[in-house]
Amino acid sequence: MSIRPDTQTLITALSQARLSGQPLRAADWVSAVHSEADAYAVQDGVAAALGWAKGSLVRHWKSGGATRSGPFSHAPLDPAAINPASKTWPLLGVEAEVALRLGRDVSPEAARAMESETAGDWVDAMAVAVELVASRWTEGLAAPELLRMADHQSNAGLMLGIWQPYAARDWSAQTCQVKVGSQTPVTRTGSHSLNDPAWLLPAWLQHLTRHGTTVAAGTVVTTGSWVGCLPIQPDDRVSVDFAGLGNLTVRL
């Protein structure tokens with residue numbers, strides 16, 4: 001797929017921004033991303049420029065959608081930002097999520113044939129996760145949607161809890177509680193936008209295999225927030241508890 005010169009220039013600029021820690025002004029780059037295809041080209045280009053892939057594909061991803069009918073969005077994650085020892089960007093917030101790990105390789109043919117109702121058959125483990133939210137745009141989360149997508153959906157890192165065997169659950173009854181610093185704890189039940197985190201696997205895997213690449217067993221995807229994006233202050237302690245699934249506490 002050919003990439004327009006202005007999109008390629010944005011790939012270079014965002015790569016440099018990640019290395020320097022200096023954000024870009026979104027208003028200067030609106031014309032570089034005209035479509036989701038452009039945004040995904042920027043994602044892939046930055047990941048390639050910074051050497052994120054160990055093999056043919058990045059091993060950690062985020063994916064999500066507001067409803068089961070979509071649309072869904074996806075982004076590769078910086079491997080250096082998985083359980084990072086320290087944060088490299090000022091955080092805008094945190095999200096409580098459930099991460100899933102593939103137990104088998106998924107070919108393009110298998111991805112096309114996969115159905116959401118049985119997609120969990122391809123998963124071998126799950127874990128409580130905390131997504132760190134930041135932006136390479138000075139406008140932060142107020143930047144245009146396509147530019148936020150190009151910026152790997154505003155991901156700044158992913159904290160993962162202990163992996164445990166995957167098993168079907170009544171996700172509609174799943175309770176999640178999050179406490180950030182001195183803020184009042186936030187508790188939600190059955191609040192995942194797709195009801196079942198595994199519902200998005202076909203859309204995610206079809207995205208990853210769209211150029212003919214097989215997705216390796218062990219690839220991880222975090223599957224969307226249960227409580228929205230909660231604001232955070234420097235050095236806040238974040239505690240996430242999914243009843244019956246596990247908990248995770250981090251200090252940022």
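Given the structure is predicted, the values throughout are model-derived calculations rather than measurements. Along the sequence shown, residues are numbered consecutively beginning with 1.
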Checklist entry - Is the closest side-chain heavy-atom distance between Leu208 and Thr213 below 4.5 Å? => result no
Below 3.5 Å, can you tabulate the donor-acceptor pairs from side chains in residues 158-168 to any protein atom, sequence neighbours excluded?
| residue | atom | partner | partner atom | Å |
| --- | --- | --- | --- | --- |
| Gln164 | NE2 | Leu245 | O | 2.1 |

Checklist outcome for this item: Residues Thr189 and Ser172: closest non-hydrogen pair is CG2-O, 3.9 Å
Item to check | Spacing of CZ belonging to Arg136 relative to CG belonging to Leu14, to within rounding of 0.5 Å | outcome: 8.0 Å
Checklist entry - How about Gln233: does its CD atom have over 12 heavy atoms from other parts shown lying under 6.0 Å from it? => result no
Checklist entry - So Trp204 and Thr219, side chain to side chain contact (heavy atoms under 4.5 Å, CB included) or not? Walk me through it. => result CA-CA 12 Å; Trp204 169 63; Thr219 301; 3.9 Å; yes
Next on the checklist: Could you measure the distance from the NZ atom of Lys62 to the CG atom of Leu200? Nearest 0.5 Å is fine.
Outcome noted: 12.0 Å
Checklist entry - Of Val180, Val130, Val94, Val227, which meets side-chain contact (heavy atoms from CB on, under 4.5 Å) against Val240? => result Val130
Checklist entry - What do the steps show when you test Arg210 against Asp44 for salt bridge (charged side-chain N to carboxylate O under 4.0 Å, His left out), and what is the final call? => result CA-CA 13 Å; Arg210 69 194 187 281; Asp44 293 344; 3.0 Å; yes
Next on the checklist: Just so I know, are the side chains of Ser73 and Tyr40 near enough to count as touching, which here means a heavy-atom distance under 4.5 Å?
Outcome noted: yes
Item to check | hydrophobic_cluster_shared for Leu24 and Val33, side chain cutoff 4.5 Å | outcome: yes
Item to check | Under 3.5 Å side-chain donor-acceptor pair for Glu97 and Thr222 | outcome: yes
Item to check | From CA spacing to verdict: side chain to side chain contact (heavy atoms under 4.5 Å, CB included), Phe242, Leu248 | outcome: CA-CA 9 Å; Phe242 281 86; Leu248 177 62; over 6 Å; no
Checklist outcome for this item: CD1 of Ile82 to NE2 of His60, rounded to nearest 0.5 Å, is 5.0 Å
Checklist entry - Does a side-chain heavy-atom distance below 4.5 Å link Arg148 with Ser135? => result no
Checklist entry - Any donor-acceptor pair under 3.5 Å linking the side chain of Asp105 with the backbone of Ala217? => result yes
Checklist entry - Checking Arg68 side chain against Leu194 main chain: does a donor-acceptor pair fall under 3.5 Å? => result yes
Checklist outcome for this item: Rounded to the nearest 0.5 angstrom, the CG-CG distance for Asp121 and Leu201 is 10.5 Å
Checklist outcome for this item: Rounding to 0.5 Å, atoms CG (Asn195) and OG (Ser116) come to a distance of 12.0 Å
Checklist outcome for this item: Nearest heavy-atom contact between Ala150 and Gln43 is O-CG, 3.7 Å
Next on the checklist: I'd like to check His152 versus Leu77 (side-chain heavy atoms, cut-off strictly below 4.5 Å). Are they in contact?
Outcome noted: no
Checklist entry - Do the non-hydrogen side-chain atoms of Thr214 and Pro108 ever get within less than 4.5 Å of each other? => result yes
Checklist entry - Can you get from Val30 to Ile11 by hopping between Ile, Leu, Val, Met, Phe, Trp and Tyr side chains that sit under 4.5 Å apart? => result yes
Next on the checklist: Let me confirm one number: the OG1-CD distance from Thr118 to Glu115, rounded to the nearest 0.5 Å.
Outcome noted: 5.0 Å
Item to check | Pro23 and Trp89, any side-chain heavy atoms less than 4.5 Å apart | outcome: yes
Item to check | Cluster overlap Val123 with Val215, hydrophobic side-chain contacts below 4.5 Å | outcome: yes
Next on the checklist: Strictly distance-based, threshold 3.5 Å: is any side-chain N or O of His34 a donor or acceptor partner for the main-chain N or O of Ser31?
Outcome noted: yes
Checklist entry - Do you know which two heavy atoms are closest between His74 and Ser63, and how far apart they sit? => result ND1-OG, 2.7 Å
Next on the checklist: Minimum heavy-atom separation for Gln174 and Arg169, please, with both atom names.
Outcome noted: OE1-NH2, 2.9 Å
Item to check | Close side-chain approach of Gln153 and Glu131, heavy atoms under 4.5 Å | outcome: no
Checklist entry - With no hydrogens and no angle check, is any side-chain donor or acceptor of Gln183 less than 3.5 Å from a backbone partner on Pro231? => result yes
Checklist entry - Val106, Val58: one ILVMFWY side-chain cluster at the under-4.5 Å cut-off? => result yes
Next on the checklist: Is there a path of hydrophobic side-chain contacts, each under 4.5 Å between heavy atoms of I/L/V/M/F/W/Y residues, joining Val186 to Leu132?
Outcome noted: yes
Next on the checklist: The test is side chain to side chain contact (heavy atoms under 4.5 Å, CB included); show your working for Leu100 and Thr223 and say whether it passes.
Outcome noted: CA-CA 8 Å; Leu100 304 177; Thr223 55; 3.9 Å; yes
Next on the checklist: Determine whether Asp124 and Arg104 satisfy the following criterion, side chain to side chain contact (heavy atoms under 4.5 Å, CB included), listing intermediate values before the conclusion.
Outcome noted: CA-CA 8 Å; Asp124 74 341; Arg104 293 182 277 166; over 6 Å; no
Next on the checklist: Filter on ring-ring contact (aromatic ring centres under 6.0 Å, His included), then keep only pairs touching residues 173-203, sequence neighbours left out; what's left?
Outcome noted: His192-Trp226
Item to check | Between Phe72 and His207, ring centroids under 6.0 Å | outcome: no
Item to check | Contact summary for Ile232 and Leu91, nearest pair of heavy atoms | outcome: CG2-CB, 3.8 Å
Checklist outcome for this item: Heavy-atom closest pair (Pro144 atom, Ala26 atom, distance to 0.1 Å) is CD-CB, 4.0 Å
Next on the checklist: Is any side-chain heavy atom of Trp122 closer than 4.5 Å to one of Leu205?
Outcome noted: no
Next on the checklist: Is it the case that the side chain of Arg251 and the backbone of Asp235 share a donor-acceptor pair, with hydrogens and angles ignored and the cut-off at 3.5 Å?
Outcome noted: yes
Next on the checklist: So if I apply the side-chain contact (heavy atoms from CB on, under 4.5 Å) rule between Ser154 and each of Leu147, Leu92, Val133, which one comes out positive?
Outcome noted: Val133
